[in-house]
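Worth knowing before you read on, the calculation uses all heavy atoms, side chains too, and leaves out hydrogens, waters and symmetry mates. Model, not experiment: these values are computed from the prediction. Residue numbers run from 1 in the order of the sequence given.
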Amino acid sequence: MMPTDNDTLVLVFDSAVARFFRPHRDGHLEQTLAEANERLHHDRRDIEADRPGRGGSAHGGERHAYESENDPRKLEKHDFIRALVKELSLGLDRNEFKNLIVVGQERALGEFRKLAPEKLKRATLHEIPKDLTKLPLGELEQHLMKDLGPR
């Protein structure tokens, strides 16, 4: 059953968007914090503005483009989740919530788990591996009631 006190925070996120809610006894959610929307609106060409460098062989004359060691898109997603974990940890320290329900894509949840400090992991009551970030509030409530409702 979904906890309904003011000490519970529901986070619905992926690697680019985070939405925060407080659950109410009637099953409805109230959006609390301003939506932390860090959309990855950059086209890969915008992220990698410069063309890769060229390298050549002194003997063969062939030249090849150097590949970036780090995918800028993956780094941007990782940085978003790291910042999200940091903000949640600070909120937990400030007693803004005591319990956390986390809803996200499996890959984003894995990254969250990897980056979360132990205190945040202990505060996490439920993890729901679903991508629900784009759902309107009414549909989101229905999905959460199915996943967290009475068993």
Side-chain angles (χ1 to χ4, degrees), residues 1-53 65-151:
M1 180 163 211
M2 184 170 11
T4 57
D5 55 56
N6 285 333
D7 290 338
T8 301
L9 184 68
V10 177
L11 166 66
V12 179
F13 79 111
D14 61 17
S15 57
V17 175
R19 297 168 66 193
F20 300 92
F21 302 93
R22 296 276 183 191
H24 291 284
R25 294 192 195 291
D26 61 5
H28 292 291
L29 296 173
E30 175 186 349
Q31 190 157 351
T32 57
L33 306 173
E35 189 168 331
N37 188 345
E38 296 289 328
R39 279 267 174 230
L40 297 176
H41 51 79
H42 305 292
D43 186 20
R44 189 174 185 85
R45 290 182 303 263
D46 294 335
I47 296 171
E48 297 174 344
D50 295 331
R51 292 181 63 194
Y66 290 121
E67 290 292 320
S68 172
E69 288 184 24
N70 298 309
D71 179 358
R73 180 81 74 189
K74 285 183 182 177
L75 286 175
E76 193 172 12
K77 291 176 180 181
H78 174 80
D79 289 346
F80 176 79
I81 293 176
R82 183 172 4 138
L84 183 59
V85 165
K86 181 180 178 182
E87 285 303 312
L88 286 168
S89 295
L90 290 172
L92 189 60
D93 291 343
R94 291 186 299 252
N95 293 313
E96 293 174 1
F97 66 94
K98 292 180 183 172
N99 305 309
L100 182 64
I101 297 171
V102 184
V103 182
Q105 300 166 323
E106 185 60 48
R107 182 173 285 174
L109 281 174
E111 187 79 9
F112 178 85
R113 272 186 237 110
K114 186 171 79 174
L115 295 171
E118 197 58 40
K119 65 181 178 183
L120 197 54
K121 290 177 185 175
R122 282 192 307 270
T124 303
L125 298 177
H126 300 284
E127 287 185 2
I128 300 172
K130 292 184 178 178
D131 182 9
L132 304 177
T133 55
K134 294 175 180 71
L135 289 183
L137 186 55
E139 289 181 42
L140 178 60
E141 290 170 345
Q142 290 173 355
H143 277 278
L144 290 178
M145 289 307 289
K146 283 184 213 170
D147 290 316
L148 297 172
R151 302 249 180 247

Would you name the heavy atoms of [X] and [Y] that are closest together and state the gap between them?
{"X": "Arg19", "Y": "Leu137", "value": "NH2-N, 4.3 Å"}
{"X": "Thr8", "Y": "Pro23", "value": "O-CD, 3.6 Å"}
{"X": "Ala18", "Y": "Leu84", "value": "CB-CD1, 3.8 Å"}
{"X": "Ala108", "Y": "Ser15", "value": "CB-N, 4.3 Å"}
{"X": "Leu109", "Y": "Pro129", "value": "CD1-CA, 3.5 Å"}

With rounding to the nearest 0.5 Å, note down the distance linking [atom1] in [X] to [atom2] in [Y].
{"X": "Arg107", "Y": "Asp131", "atom1": "CZ", "atom2": "CG", "answer": "12.0 Å"}
{"X": "Glu118", "Y": "Leu120", "atom1": "CD", "atom2": "CG", "answer": "10.0 Å"}
{"X": "Lys130", "Y": "Leu144", "atom1": "NZ", "atom2": "CG", "answer": "8.5 Å"}
{"X": "Leu88", "Y": "Glu96", "atom1": "CG", "atom2": "CD", "answer": "9.5 Å"}
{"X": "His126", "Y": "Asn99", "atom1": "NE2", "atom2": "CG", "answer": "9.0 Å"}
{"X": "Leu75", "Y": "His78", "atom1": "CG", "atom2": "NE2", "answer": "7.5 Å"}

| Is it true that Glu111 and Lys77 have a side-chain N and a carboxylate O under 4.0 angstrom from each other? |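 Salt bridge between Glu111 and Lys77, a charged N being under 4.0 Å from a carboxylate O: no.
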| query | Hey, is Arg113 close enough to Glu106 for a salt bridge, meaning N to O under 4.0 Å? | reply |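 Judged by the 4.0 Å cut-off on N to carboxylate O distance, Arg113 and Glu106 do form a salt bridge.
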Can you tell if the side chain of [X] reaches within under 4.5 Å of the side chain of [Y], non-hydrogen atoms only?
{"X": "Phe21", "Y": "Ile101", "answer": "no"}
{"X": "Val12", "Y": "Ile128", "answer": "no"}
{"X": "Asp79", "Y": "Glu76", "answer": "no"}
{"X": "Phe97", "Y": "Thr32", "answer": "no"}

| Looking only at atom types and distance, does a side-chain atom of Arg22 sit under 3.5 Å from a main-chain N or O of Val10, one as donor and one as acceptor? |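 No: the side chain of Arg22 does not pair with the backbone of Val10.
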| Looking only at atom types and distance, does a side-chain atom of Glu141 sit under 3.5 Å from a main-chain N or O of Leu29, one as donor and one as acceptor? |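 Yes, Glu141 side chain to Leu29 backbone: donor-acceptor pair under 3.5 Å.
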| task | Would you check if there is a donor-acceptor pair between the side chains of Asp14 and Gln105 at a distance under 3.5 Å? | result |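 No, Asp14 and Gln105 have no side-chain donor paired with an acceptor closer than 3.5 Å.
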| Between Phe112 and Phe13, does the ring centroid distance fall short of 6.0 Å? |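 Close enough - the centres of the two rings lie under 6.0 Å apart.
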| said: Could you check whether atom NZ of Lys119 has more than 12 heavy atoms from other residues, nucleotides or ligands sitting under 6.0 Å from it? | reply: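 Enclosed: over 12 neighbouring heavy atoms sit under 6.0 Å from NZ of Lys119.
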| query | Is the number of heavy atoms from other residues, nucleotides or ligands under 6.0 Å of Lys98 NZ greater than 12? | reply |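 No, not enclosed.
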